[in-house]
Amino acid sequence: QVQLVESGGGLVQAGGSLRLSCAASGRTLSTLVMGWFRQAPGKEREFVATISRAGVGTYYADSVKGRFAISRDNAKNTVTLRMNSLKPEDTAVYYCAATTVVGTFIIVEPRDYDYWGQGTQVTVSS
């Protein structure tokens, strides 16, 4: 079993930055592909970013490419999402997720993730 706890959400003006953190426990982080998803009110949960087990490979949704950066520290069991140039359309609850799927780290469907955090709210005002 893996427990994931997100932190770092909040209210920020458009153009600002936030850093989300995900603390993992219960399993060696380096065995898991990690991802970030978000869900706005009335919308489906959508993929944001994913990172390979060793942290070498990253993949982003087109909507955040160039503005967001995912990283991980397996020694500290943490995953970070740095968000820059935030836009009002980035407003959502952000979720950290982990998957035991083997092979590729480019895993973008929520159904393929095994563990989820409780989410952290990010609100971007215009």
Side-chain angles (χ1 to χ4, degrees):
Q1 195 66 273
V2 176
Q3 292 78 43
L4 303 173
V5 179
E6 303 97 335
S7 61
L11 174 64
V12 64
Q13 288 188 334
S17 300
L18 280 176
R19 187 180 77 170
L20 304 183
S21 294
C22 174
S25 60
R27 180 164 173 162
T28 302
L29 195 64
S30 60
T31 65
L32 302 168
V33 168
M34 301 298 296
W36 285 95
F37 289 76
R38 66 187 182 186
Q39 188 166 17
K43 295 187 176 181
E44 293 187 352
R45 192 166 298 190
E46 67 171 358
F47 167 76
V48 174
T50 184
I51 187 166
S52 63
R53 295 167 190 80
V56 174
T58 58
Y59 183 76
Y60 299 92
D62 288 343
S63 58
V64 307
K65 199 174 297 182
R67 300 188 297 121
F68 290 14
I70 187 172
S71 61
R72 66 192 293 164
D73 186 334
N74 288 338
K76 296 182 179 179
N77 287 334
T78 58
V79 180
T80 299
L81 184 68
R82 289 179 173 81
M83 306 185 294
N84 299 318
S85 302
L86 283 161
K87 304 175 182 180
E89 51 263 44
D90 294 319
T91 295
V93 177
Y94 282 70
Y95 297 90
C96 176
T99 177
T100 57
V101 170
V102 299
T104 181
F105 72 94
I106 302 177
I107 303 166
V108 304
E109 293 295 334
R111 64 174 179 266
D112 292 326
Y113 282 78
D114 305 292
Y115 306 103
W116 293 86
Q118 82 289 350
T120 186
Q121 176 71 45
V122 171
T123 303
V124 184
S125 63
S126 58

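Sequence positions, counted from 1, serve as the residue numbers for this chain.
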So, using side chain to side chain contact (heavy atoms under 4.5 Å, CB included) as the criterion, who are the partners of A40 when residues are at least two apart?
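Checked A40 against side chain to side chain contact (heavy atoms under 4.5 Å, CB included); matches are K43, A92.
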
Tell me, please, which residues at least two apart from Q1 pass side chain to side chain contact (heavy atoms under 4.5 Å, CB included).
Q3, Y115

Close side-chain approach of [X] and [Y], heavy atoms under 4.5 Å:
| X | Y | answer |
| --- | --- | --- |
| V122 | M83 | yes |
| C22 | L4 | yes |
| R82 | S17 | no |
| R53 | T31 | no |
| L20 | E6 | no |

Running the 4.5 Å side-chain criterion over Ile, Leu, Val, Met, Phe, Trp and Tyr, what cluster does V102 land in, apart from itself?
none

Who else is in the cluster with V56 when I, L, V, M, F, W and Y are joined by side-chain contacts under 4.5 Å?
none

Between [atom1] of [X] and [atom2] of [Y], what distance do you get to the nearest 0.5 Å?
| X | Y | atom1 | atom2 | result |
| --- | --- | --- | --- | --- |
| T28 | N77 | OG1 | CG | 7.5 Å |
| L86 | T123 | CG | OG1 | 10.5 Å |
| T99 | F105 | OG1 | CZ | 13.5 Å |
| I70 | T50 | CD1 | OG1 | 6.0 Å |

Pairs satisfying ring pair (Phe, Tyr, Trp, His ring centres under 6.0 Å), at least one member in residues 2-48, at least two apart
F37-F47, F37-Y113, F37-W116, F47-Y59

Quick one: list whatever passes side-chain hydrogen bond (donor to acceptor under 3.5 Å, both in side chains) with Y95, sequence neighbours left out.
none

With side chain to side chain contact (heavy atoms under 4.5 Å, CB included) as the test, pick out the partner of R38 among D90, T91, T120, V93.
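The option that passes is D90.
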
Measure across L29 and A24 and return the closest heavy-atom pair with its distance rounded to 0.1 Å.
CD1-CB, 3.6 Å

Any side-chain donor paired with an acceptor under 3.5 Å for R72 and N74?
yes

